[in-house]
2 protein chains.
Amino acid sequence: MKASTSTSKPSAKYHHGNLRQTLLAAAKQMIAADGIESLSLRKLADKVSVSRTAAYHYFDDKNDLLCAIASDGFRQWQQLLKQSEQQNQTERQKFEQYLVNYMVFATHHPEEYELMFGRCIWKQAQCTEELQTIAHGTFQHQVEMMAYWQSIGLVLGDNPLRTAQIIWGTLHGIAKLFIDGVYVDDTRAEEIVKSALPMFLVPKD
Amino acid sequence: MKASTSTSKPSAKYHHGNLRQTLLAAAKQMIAADGIESLSLRKLADKVSVSRTAAYHYFDDKNDLLCAIASDGFRQWQQLLKQSEQQNQTERQKFEQYLVNYMVFATHHPEEYELMFGRCIWKQAQCTEELQTIAHGTFQHQVEMMAYWQSIGLVLGDNPLRTAQIIWGTLHGIAKLFIDGVYVDDTRAEEIVKSALPMFLVPKD
DNA sequence: CAATCAATCTTGACACTGTCAAAATGCTGG
DNA sequence: CCAGCATTTTGACAGTGTCAAGATTGATTG
């Protein structure tokens with residue numbers, strides 16, 4: 001059955017070959033379209049034309065699958081960060097860029113963002129070790145940036161951890177209020193974070 | 001059956017009398033104990049010793065019930081606010097009190113807080129008109145307070161809406177990172193928000 | 001080449017969920 | 001006492017995640 005279109009590509013065989021990747025991609029697509037909570041393993045399996053429980057060979061759990069998506073999200077975010085750091089800008093511009101990047105990433109990948117930082121994984125279910133590691137690394141990196149920006153007198157405060165917590169909190173809060181639909185009109189997210197910027201900076205003169 | 005203990009109290013009869021309140025109270029208790037997502041209408045019904053679908057005469061939906069809990073949460077929060085405003089303090093103390101109150105309320109009623117401001121209701125399901133109204137009123141009130149604090153030169157900025165959005169964002173973000181378990185050790189929440197305080201104030205001298 | 005084996009996928013089954021329609025129950029006014 | 005009403009229950013259905021057992025395939029040996 002299933003008209004395996006025998007000829008060239010060996011990828012679409014019974015032994016799917018890369019089911020794991022296919023599942024992840026399809027799942028991302030589905031949550032982007034309809035939200036996390038309306039993703040079911042059965043609909044996902046249907047979409048990939050595979051049986052209900054096929055995913056269980058690649059993921060312990062539904063939770064495990066969601067953690068994998070979240071981990072991918074962190075990788076994507078880290079890459080965006082690295083790429084942005086390499087640009088030729090003043091530190092002040094880099095800092096602003098960081099804030100804006102955060103908002104753009106969050107509002108453009110709302111469901112992945114929710115998985116990365118939301119209760120869905122962190123509170124309710126326990127999170128994978130992989131996820132724990134990569135998330136911690138990301139935050140660590142942010143603290144280091146903050147320490148640097150404080151050391152050169154750009155950002156207020158002398159406690160990098162504390163400052164990172166506050167600034168991250170601000171970004172997270174604004175992002176979440178938009179994502180969750182408490183605030184509407186995402187396009188303003190960038191504006192808001194820009195007007196929050198001066199609060200974090202050492203007044204210059 | 002059920003030994004209606006005929007004598008005095010007419011409250012515990014078959015026609016339950018105040019099922020709605022009973023259900024709400026039990027539901028709050030259950031989400032406080034095990035979290036929102038593990039609340040099921042059937043377990044709730046069991047707990048109140050009533051049949052699976054009894055709740056449907058008082059609530060359209062599971063969502064409707066959750067909205068009712070959220071509305072109660074807003075009422076509770078408003079009351080706490082009003083009560084705090086009446087205290088004899090400097091405006092600066094009132095502002096600080098407001099920030100601390102927010103964190104204490106959020107971390108002490110995490111599940112209700114999630115219902116009040118989280119995706120569970122605002123994004124995914126549509127929210128009740130009652131909830132919409134009371135939530136909007138609460139925010140409106142906050143904007144007015146911000147306008148006043150800005151007018152007397154206490155808080156930075158000249159755009160009350162914008163400032164309220166940012167400050168609320170900060171509070172919400174920090175609260176949520178604790179509630180959802182990204183940050184641990186809630187007891188530090190108060191500390192963090194206190195060290196964020198100076199960022200919002202007009203520097204005095 | 002054929003037989004075996006492990007990886008991969010499917011089927012069957014179970015308990016649990018929200019929700020609707022129809023029936024049953026108890027209360028209250030005539 | 002009975003009709004009508006508000007209230008509660010029973011039955012049923014489609015979904016859900018997940019486990020155990022079986023079926024299928026590709027690769028690895030002898």
Side-chain angles (χ1 to χ4, degrees), chain A residues 1-6 9-24 26-27 30-31 34-69 115 120-121 124-128, chain B residues 1-6 9-24 26-27 30-31 34-69 115 120-121 124-128:
Chain A
M1 324 292 167
K2 198 169 177 275
S4 67
T5 65
S6 46
K9 272 200 152 183
S11 54
K13 47 199 169 185
Y14 176 90
H15 270 45
H16 201 290
N18 48 0
L19 222 201
R20 196 190 144 98
Q21 287 310 314
T22 309
L23 284 170
L24 280 176
M30 289 176 78
I31 65 174
D34 299 323
I36 299 167
E37 27 282 295
S38 77
L39 170 71
S40 90
L41 290 186
R42 298 167 107 109
K43 279 189 277 187
L44 174 59
D46 254 32
K47 172 158 181 162
V48 184
S49 298
V50 94
S51 104
R52 287 158 269 148
T53 62
Y56 281 84
H57 252 258
Y58 299 95
F59 306 98
D60 294 346
D61 247 353
K62 183 179 186 179
N63 181 64
D64 193 37
L65 197 169
L66 295 179
C67 285
I69 298 182
L115 288 179
C120 175
I121 284 179
Q124 187 173 9
Q126 65 272 23
C127 77
T128 306
Chain B
M1 320 296 167
K2 195 169 178 276
S4 66
T5 66
S6 46
K9 270 204 156 183
S11 55
K13 47 197 168 182
Y14 175 89
H15 270 43
H16 201 288
N18 49 358
L19 223 199
R20 195 191 145 97
Q21 288 310 313
T22 309
L23 284 170
L24 279 176
M30 289 175 77
I31 66 174
D34 299 324
I36 299 167
E37 25 283 295
S38 77
L39 169 70
S40 88
L41 291 186
R42 298 166 106 110
K43 276 188 279 186
L44 173 59
D46 254 32
K47 173 157 182 165
V48 184
S49 296
V50 92
S51 103
R52 287 158 268 146
T53 62
Y56 280 86
H57 251 258
Y58 301 95
F59 305 97
D60 294 346
D61 248 348
K62 182 178 187 181
N63 180 64
D64 193 38
L65 196 170
L66 296 179
C67 284
I69 298 180
L115 287 179
C120 175
I121 284 179
Q124 188 171 8
Q126 65 273 23
C127 76
T128 305

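Each chain gets a letter, A, B and so on, in the order its sequence line appears, and its residues count up from 1.
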Enquirer: If I take atom CZ in residue A:R20 and atom P in nucleotide C:dA7, what distance separates them, rounded to the nearest angstrom?
Expert: 17 Å

Enquirer: Could you list the residues that satisfy side-chain contact (heavy atoms from CB on, under 4.5 Å) with A:A26, not counting sequence neighbours?
Expert: A:L44, A:K47, A:V48

Enquirer: Given side chains that start at C-beta, do those of B:T22 and B:V50 come closer than 4.5 Å, heavy atoms only?
Expert: no

Enquirer: Expected output is a numbered-order residue list: members of residues 50-63 of chain A with a heavy atom under 4.0 Å from any atom of DNA chain D. What is it?
Expert: A:T53, A:Y56, A:D61, A:K62

Enquirer: How far apart are the closest heavy atoms of B:S51 and B:A45, and which atoms are they?
Expert: O-CB, 3.5 Å

Enquirer: Between C1' on D:dG15 and CG on A:L41, what's the gap in Å once rounded to a whole number?
Expert: 13 Å

Enquirer: Once you round it to whole Å, what is the distance between P of C:dC9 and CG of A:L44?
Expert: 13 Å

Enquirer: With sequence neighbours excluded, what pairs up with B:Q124 under the side chain to side chain donor-acceptor pair (under 3.5 Å) test?
Expert: none

Enquirer: So which pairs with a foot in residues 36-46 of chain A pass side chain to side chain donor-acceptor pair (under 3.5 Å), sequence neighbours left out?
Expert: A:E37-B:R119

Enquirer: Tell me the interatomic distance from B:K43, atom NZ, to C:dT19, atom P, rounded to whole angstroms.
Expert: 15 Å

Enquirer: What is the distance from CG of A:L39 to C1' of D:dG17, rounded to the nearest Å?
Expert: 12 Å

Enquirer: What does the inter-axis angle of the helix from C:dC1-D:dG30 to C:dG30-D:dC1 come out as, five pairs per end, nearest 10 degrees?
Expert: 20°

Enquirer: Between A:L23 (CG) and C:dT8 (C1'), how many Å, whole number?
Expert: 13 Å

Enquirer: Take the protein atom CG of A:D34 and the nucleotide atom P of D:dT16, then report the distance between them rounded to whole Å.
Expert: 12 Å

Enquirer: Hey, what do you get for CD1 (B:I69) to CD1 (B:I121), rounding to the nearest 0.5 Å?
Expert: 8.0 Å

Enquirer: Send over the distance from A:R42 CZ to C:dG12 P, rounded to a whole Å.
Expert: 13 Å

Enquirer: Can you list, pair by pair, the side-chain donor-acceptor contacts under 3.5 Å of residues 58-68 of chain A, counting residues two or more places apart and other chains?
Expert:
residue: A:K62; atom: NZ; partner: A:L39; partner atom: O; Å: 2.8
residue: A:N63; atom: ND2; partner: A:Q126; partner atom: O; Å: 2.9
residue: A:D64; atom: OD2; partner: A:D60; partner atom: N; Å: 3.0

